[in-house]
Amino acid sequence: MRKLKAFYKANNFPIVTFIRYWKDASTSELIVDLFFPVLLAVVLLYFTSLTTDKLSMLIGKFQQVSGLSTANENSPLSALEFSPL
């Protein structure tokens, strides 16, 4: 039990910070910083779940939107060889 208490005491920073923020923040700060982003994430997740059936499709779409590319055979970056300086 002592190890569990020590672990909580060492790692409770996010919990303590959130509780202090919740108490000290104004209503408009809470709406803008917490409720609006959560609502936006839920709405985006809902509409995304309607359009994709597989997680791999979702990851592929996310990579297309963000401009990321994976190193596969069709990627132009896979043909490059990087040598150390």
Practice item. Verify the neighbour count for atom OH of Tyr21: are there more than 12 heavy atoms of other residues, nucleotides or ligands below 6.0 Å? Key: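 Yes, enclosed.
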
Point to revise | Connected hydrophobic set around Leu39, excluding itself, where side chains approach under 4.5 Å | key: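 Other cluster members: Val43, Tyr46, Phe47, Leu50.
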
Check your understanding: What residues join Met57 in its hydrophobic cluster, counting side-chain heavy atom gaps under 4.5 Å, either direct or through other members?
Key ->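 ILVMFWY cluster around Met57 holds nothing else.
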
Review point. For the residue pair Pro37 and Val32, what are the closest heavy atoms and their distance?
Key: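 Between these two residues, the closest heavy atoms are CD-O, 3.2 Å.
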
Exercise for review: State the CG-CH2 distance between Leu34 and Trp22, to the nearest 0.5 angstrom.
Suggested key: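 Result: 6.0 Å between the selected atoms.
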
Point to revise | Single-linkage hydrophobic cluster, 4.5 Å side-chain cutoff, Phe18 and Phe35 together | key: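 Same cluster.
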
**Study point:** By side-chain hydrogen bond (donor to acceptor under 3.5 Å, both in side chains) - contacts of Thr27 (at least two apart)
**Key:**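 Expected list: none.
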
